[in-house]
Number of protein chains: 2
Amino acid sequence: MAGIKDVAKRAGVSVATVSRVLNDHSGVREETRARVLTAVSELSYRPNTLARSLRTDQTRTLGLVIGDVLNPFFTELARAVEDEARGRGYSVIIGNADEQLALQDHHVRTLLDRRIDGLLVSPADGDSVALREAALAGIPMVFVDRWIEGLDVPLVRADGREAVRELVAHLHALGHRRLAIITGPVASTTSNERLEAFRSALEEFGLPLPGGYIGQGDFQTASGRRVTEGFFALPEPPDAVFATDNLMALGVMEQLRRLGLRVPHDVSLAAFDDIPWFLHTDPPITAIAQPTQELGHRAVAALTDLVEGRSAGSVTLSAHLIARRSCGEDERTRR
Amino acid sequence: MAGIKDVAKRAGVSVATVSRVLNDHSGVREETRARVLTAVSELSYRPNTLARSLRTDQTRTLGLVIGDVLNPFFTELARAVEDEARGRGYSVIIGNADEQLALQDHHVRTLLDRRIDGLLVSPADGDSVALREAALAGIPMVFVDRWIEGLDVPLVRADGREAVRELVAHLHALGHRRLAIITGPVASTTSNERLEAFRSALEEFGLPLPGGYIGQGDFQTASGRRVTEGFFALPEPPDAVFATDNLMALGVMEQLRRLGLRVPHDVSLAAFDDIPWFLHTDPPITAIAQPTQELGHRAVAALTDLVEGRSAGSVTLSAHLIARRSCGEDERTRR
DNA sequence: ATGACCGATGTAATCGTTTCCATGCGCGGC
DNA sequence: GCCGCGCATGGAAACGATTACATCGGTCAT
């Protein structure tokens with residue numbers, strides 16, 4: 001593979017000059033620049049980014065660590081992040097944590113070893129040594145969607161609390177009184193926020209939230225199945241289930257089908273995170289939608305601010321309820 | 001950030017020795033090795049992969065360019081690829097082509113600029129200059145799922161032809177006679193294979209395939225909507241539609257809903273690529289399933305063979321039909 | 001006693017860039 | 001006619017690792 005020296009030789013100039021035209025610095029005679037450019041294209045020379053980054057100490061690359069690449073919410077986020085980053089002249093390297101702390105930390109370290117300029121992360125549950133160290137070491141870093149308490153890192157997210165309250169009101173209006181929730185991992189910030197909002201909305205409506213109606217999930221499909229199985233082994237199963245992400249809602253549907261239960265006839269279902277398929281499921285699923293793309297765009301904006309030496313603050317957007325038929329019929333959903 | 005020199009200084013040895021213990025070369029006294037290791041952890045030193053790769057001319061990184069990150073088939077593939085690669089000591093950098101030739105080539109070049117050791121790609125439609133050059137330049141490369149004619153690059157894929165024939169037989173048995181297909185981009189190899197298999201199966205069953213029943217899509221949702229709109233503007237619309245990927249099937253459903261048409265009552269629907277949601281749609285969708293994970297694993301195996309100097313051959317797996325209710329009821333699907 | 005050899009370590013070249021500094025040249029002002 | 005200046009360019013030192021080769025004691029066979 002041709003290097004800058006080959007280009008220099010062919011153009012009859014020094015490597016310094018080649019570098020100058022490549023990074024279009026001023027002060028190169030037009031004719032020289034042209035000679036270099038032809039040499040570049042004749043050799044189809046491409047600069048070695050490794051060498052370049054080593055020298056300049058910047059990679060123009062952002063790392064993105066997501067919870068689960070099989071979760072449509074995260075892929076939509078990743079798509080938005082990559083688009084925005086590309087527009088700003090950055091590449092993105094995605095790490096999929098598969099909701100596992102160890103795998104997340106593996107990716108964080110790998111990305112740091114590559115000397116990425118900044119890190120965008122939606123941290124998994126638990127205390128991440130790698131992230132804590134990175135934050136302390138001053139790596140430009142922004143949390144998106146999920147976060148870790150006690151770290152001074154800007155956060156871009158959607159506040160789902162009001163939408164959860166709306167959801168509870170919606171379920172209550174439809175006559176449901178035994179509402180259950182499937183949470184994410186214990187220490188998950190988003191899941192806890194959703195649980196707290198759920199709990200306080202139930203209180204507001206004078207409804208109880210027995211321990212048995214709080215199912216411990218992990219944001220992945222299988223846990224939705226498992227928790228649902230538990231719910232329906234209860235002497236008095238819930239009459240509505242709220243899954244705090246879309247993959248667990250899928251698990252719920254799978255298990256209900258296995259149990260021969262119908263939505264919303266036997267039980268209602270709602271999910272956090274709206275995805276295109278929710279419109280076409282049987283029945284269409286009521287969901288809380290986040291402005292996923294804007295989340296991605298804003299997160300990249302914040303991160304590049306940090307990377308380029310500007311300061312960045314947290315951003316909170318809002319989520320909203322999209323009522324469909326999975327919680328029963330009312331005047332809004334019947335059509 | 002600490003460098004190898006700092007470690008050397010702290011351990012009271014030369015950088016060469018540090019490097020030796022880091023890459024566990026033999027011939028370092030046990031006590032020296034221990035001293036180095038403590039220095040490493042005290043400084044929490046991590047080798048700079050840029051420098052390392054520059055020197056050794058290998059990155060232990062594979063590039064993966066997929067058609068569309070929003071397509072569950074590709075994310076499942078990406079997941080499998082990353083798993084397998086990690087097991088073999090490689091990282092993966094994903095590039096999302098969004099089904100656009102230009103974006104695909106952008107990613108291919110970016111990956112090559114990063115000096116990845118090998119490239120796994122599911123090429124988009126059309127003549128890719130970047131891929132052609134890479135193949136000619138001898139970059140270790142493997143195609144997965146899709147391919148480009150005329151390039152001598154191993155291919156790992158599933159042959160869908162038999163399954164498509166099965167699908168047509170299934171539709172025919174259910175009484176459908178006006179079968180339509182939504183293809184991918186014109187030059188897409190997989191889409192063409194599916195179209196040809198469809199056409200010859202129709203022939204076998206004595207059914208016509210009028211031009212109006214061949215809808216030109218692009219593997220993305222919007223094209224499914226658009227083509228469906230066209231089908232139902234025809235004087236005699238089809239009674240069954242076969243979408244050659246899952247995203248276009250989603251588009252079909254969206255448009256049918258808009259038109260107030262029901263599946264399978266008004267029209268049947270089947271898709272290539274099975275995804276978990278197809279079980280829960282209204283009605284569940286008949287699909288042709290590929291062994292996606294195995295595709296990913298085998299592709300990585302082939303690519304690492306190439307990278308590590310062994311030879312690699314193409315692999316062809318098979319796909320199979322999963323009949324559900326979206327094509328109407330028969331004894332297999334009723335339960 | 002001597003030289004060959006071996007094991008443990010250090011020195012320095014190298015990978016492909018960028019960039020600081022030096023150099024050479026032409027030109028205008030005096 | 002000389003000085004100084006600016007412009008275009010080149011030389012060489014980094015960046016942080018790996019690794020071929022040199023070095024240096026010490027051991028052992030002769």
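- Side-chain N or O atoms of B:T38 include one that pairs as donor or acceptor with a backbone N or O of B:R35 at under 3.5 Å.
- Comparing C:dC20, C:dG16, D:dT18 by their closest approach to the side chain of A:A51 singles out C:dG16.
- Look at B:N23 and you'll find a side-chain N or O under 4.0 angstrom from OP1 or OP2 of D:dT18.
- The NZ atom of B:K5 sits 13 Å away from the P atom of C:dA12 (whole-angstrom rounding).
- For B:R115 and C:dG16, a side-chain-to-base donor-acceptor distance below 3.5 Å is absent, hydrogens and geometry of angles not being considered.
- Proximity of A:R55 to the phosphate of C:dT19: no side-chain N or O atom is located under 4.0 Å from OP1 or OP2.
- Distance B:L54 CG to C:dA13 P: 17 Å, rounded to the nearest Å.
- Using a cutoff of 4.0 Å between basic side-chain nitrogens and carboxylate oxygens, A:R79 and A:D83 are scored as salt-bridged.
- No salt bridge links A:D6 with A:R10; every basic N to acidic carboxylate O contact stays at or beyond 4.0 Å.
- Contact between the side-chain N/O atoms of A:R29 and the OP1/OP2 oxygens of D:dC7 is not found at any separation under 4.0 Å.
- For D:dT9, the OP1/OP2 oxygens have a side-chain nitrogen or oxygen of A:T32 closer than 4.0 Å.
- For the pair A:R115 and A:D57, the salt-bridge criterion is not met [side-chain N within less than 4.0 Å of a carboxylate O].
- Contact annotation: B:T17 reaches the phosphate of C:dG10 (side-chain N/O to OP1 or OP2, under 4.0 Å).
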